[in-house]
Amino acid sequence: MIDGCGRKIDYIRISVTDRCNLRCMYCMPEEGVEMVSHEEILSFDEIVHVVRILSKLGFEKVKITGGEPLVRKNLKALIKDIKAVEGIKNVTLTTNGVLLKDQIEGLAAAGLDAVNVSIDTLNPEVFKKITRRDELEKVKAGIKETLKYKSVALKLNCVPFNMEGQNLWELTDYAKNEGIHVRYIEMMPIGFGKEYGCLKEDEIVSLLETKIGKLEPYKGKLGNGPCHYYSAESYDGKIGFISAVSHKFCGDCNRVRLTATGFLKNCLQFEYGSDIKTPLRSGASDDELLSLIRETIMNKPKGHKFTENNISEENNHIMSQIGG
Ligand code: SAM
Ligand code: SF4
């Protein structure tokens with residue numbers, strides 16, 4: 001499917017819940033958010049129905065996200081059903097890793113292709129401060145267990161910001177020793193992220209270079225998204241950057257998002273998109289749903305405006321509701 005700006009859109013991020021077992025300070029308020037009832041959340045059958053229609057439009061890649069996707073019961077059944085949809089080639093998951101150790105076996109058996117684990121620091125006290133929960137050991141155990149499943153590619157995601165003691169070097173070194181790629185995601189001014197400064201790619205590169213020597217841009221392609229990578233002589237894994245703010249990549253955007261309540265969002269920043277759940281539940285035909293989805297994608301905005309002030313049509317959602 002080609003959108004109104006000529007971009008190939010073949011990747012959907014599907015949020016399966018707005019609930020989470022952590023409370024990352026840049027993503028969710030300490031007290032959590034008002035939970036939506038189970039009836040308002042798309043069922044697995046409804047999600048698979050939407051994926052089938054998307055596959056007819058040429059979608060090939062699906063990322064399962066949240067909130068925390070592993071708090072949704074029997075997630076592996078959804079992964080298995082999405083993998084079985086004709087045309088879907090790649091099903092991946094982004095998780096905070098807390099529940100990963102116990103679930104990875106089932107997820108791998110269901111055909112999951114890759115897992116991104118979000119981990120911002122290896123310092124237990126700083127982890128507690130950022131996530132407002134004492135779960136670092138469980139996350140590390142989840143990472144260790146996942147490494148046993150060779151069919152599941154594993155990456156670490158970290159949002160660097162001005163948090164004392166976050167220690168990016170320590171995280172990079174840990175990834176290196178475990179043979180995992182690590183990716184630094186610039187803080188986006190969405191939801192609570194607006195309250196924190198964004199540590200830019202250039203600053204992180206300089207910081208890491210003081211420890212591991214010159215970082216050279218890596219020319220190969222890894223993953224489905226806008227991440228670009230560097231390699232270093234002393235380092236087997238790759239160090240990635242998703243720099244939505246300092247290196248805007250909207251011209252190559254390949255994705256749309258489906259919220260847990262069934263809203264198809266065509267840009268991370270803006271509230272543009274379509275309610276898919278209502279027509280889905282009131283008996284719309286596949287052709288009608290396909291037209292609605294196609295029209296939504298055709299209207300995908302040209303790009304975000306993170307660096308502009310006074311944006312009038314801003315997103316009202318916080319990141320845990322959008323899915324990252
Ligand atoms: N709970 C899962 C997790 O943490 O991976 C999935 C949902 S979470 C919203 C997806 C990703 O969004 C995480 O890597 C998180 O760090 C990132 N994120 C949340 N708020 C952000 C912000 N304001 N800017 C950049 N990334 C953000
Ligand atoms: Fe939960 Fe992920 Fe948001 Fe942290 S970033 S609060 S783990 S949804």
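Below, each value reflects all heavy atoms present in this structure, side chains not excepted, and no hydrogens, waters or symmetry copies. For the single chain, residues carry numbers from 1 onward in sequence order. The shown structure was predicted, so the numbers you read here are calculated from the model rather than taken from an experiment.
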Is there a donor-acceptor contact under 3.5 Å from the side chain of E30 to the main chain of C24?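 Checking the backbone N and O of C24 against the side chain of E30, no donor-acceptor pair under 3.5 Å is found.
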Testing T94, N96, N21 one by one against E68 for a side-chain hydrogen bond (donor to acceptor under 3.5 Å, both in side chains), which residue passes?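 Among T94, N96, N21, the one meeting side-chain hydrogen bond (donor to acceptor under 3.5 Å, both in side chains) with E68 is N96.
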About how many Å separate [atom2] of [Y] and [atom1] of [X], when rounded to the nearest 0.5 Å?
X    : Y    : atom1 : atom2 : answer
L42  : I276 : CG    : CD1   : 9.5 Å
I212 : E209 : CD1   : CD    : 8.0 Å
I242 : C227 : CD1   : SG    : 4.5 Å
F59  : M1   : CZ    : CE    : 7.5 Å
C253 : L268 : SG    : CG    : 8.5 Å
S15  : F263 : OG    : CZ    : 13.5 Å

Residue among V256, L57, I64 satisfying side chain to side chain contact (heavy atoms under 4.5 Å, CB included) with I12: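 Among V256, L57, I64, the one that satisfies the side chain to side chain contact (heavy atoms under 4.5 Å, CB included) with I12 is V256.
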Is there side-chain contact between [X] and [Y], with at least one heavy-atom pair below 4.5 Å?
X    : Y    : answer
P29  : R23  : no
H49  : L289 : yes
Y11  : R13  : yes
L93  : N116 : no
T259 : K265 : yes

Salt-bridged, [X] to [Y], with N to O below 4.0 Å?
X    : Y    : value
D252 : R7   : no
K214 : E233 : no
K89  : D113 : no
K128 : E135 : no

Please assess K76 against N74 for the test side chain to side chain contact (heavy atoms under 4.5 Å, CB included), listing each intermediate value before the final yes or no. CA-CA 5 Å; K76 60 180 192 259; N74 203 16; 3.6 Å; yes
Compare every heavy atom of Y230 with every heavy atom of P217, then report the nearest pair and how far apart it is.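 The answer is N-CD2, 3.8 Å.
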Might you work through the side chain to side chain contact (heavy atoms under 4.5 Å, CB included) test for I143 and L100, ending with a clear yes or no? CA-CA 8 Å; I143 292 170; L100 194 54; 5.6 Å; no
Is there a side chain to side chain contact (heavy atoms under 4.5 Å, CB included) between L107 and V115? Walk through the geometry before answering. CA-CA 10 Å; L107 293 166; V115 178; 5.8 Å; no
Output, in order, the C-alpha distance, side-chain angles, deciding distance and verdict of ring-ring contact (aromatic ring centres under 6.0 Å, His included) for F161 and Y196. CA-CA 7 Å; F161 61 117; Y196 302 95; 5.5 Å; yes
Tell me whether the guanidinium CZ or amine NZ of K238 lies under 6.0 angstrom from the six-membered ring centre of Y218 and within 45° of its axis.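 Here K238 passes the 6.0 Å and 45° test against Y218.
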Within a radius of less than 6.0 Å around [atom1] of [X], do more than 12 heavy atoms belonging to other residues, nucleotides or ligands occur?
X   : atom1 : result
E31 : CD    : yes
K80 : NZ    : no
K83 : NZ    : yes

With a 3.5 Å cut-off and no angle check, do the side chains of N167 and N123 form a donor-acceptor pair?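 No pair is found: no donor N or O on one side chain lies under 3.5 Å from an acceptor on the other.
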Plane angle bin for F241 and Y184 - parallel if under 30°, tilted between 30 and 60°, otherwise perpendicular: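 It falls in the tilted class, 30° to 60°.
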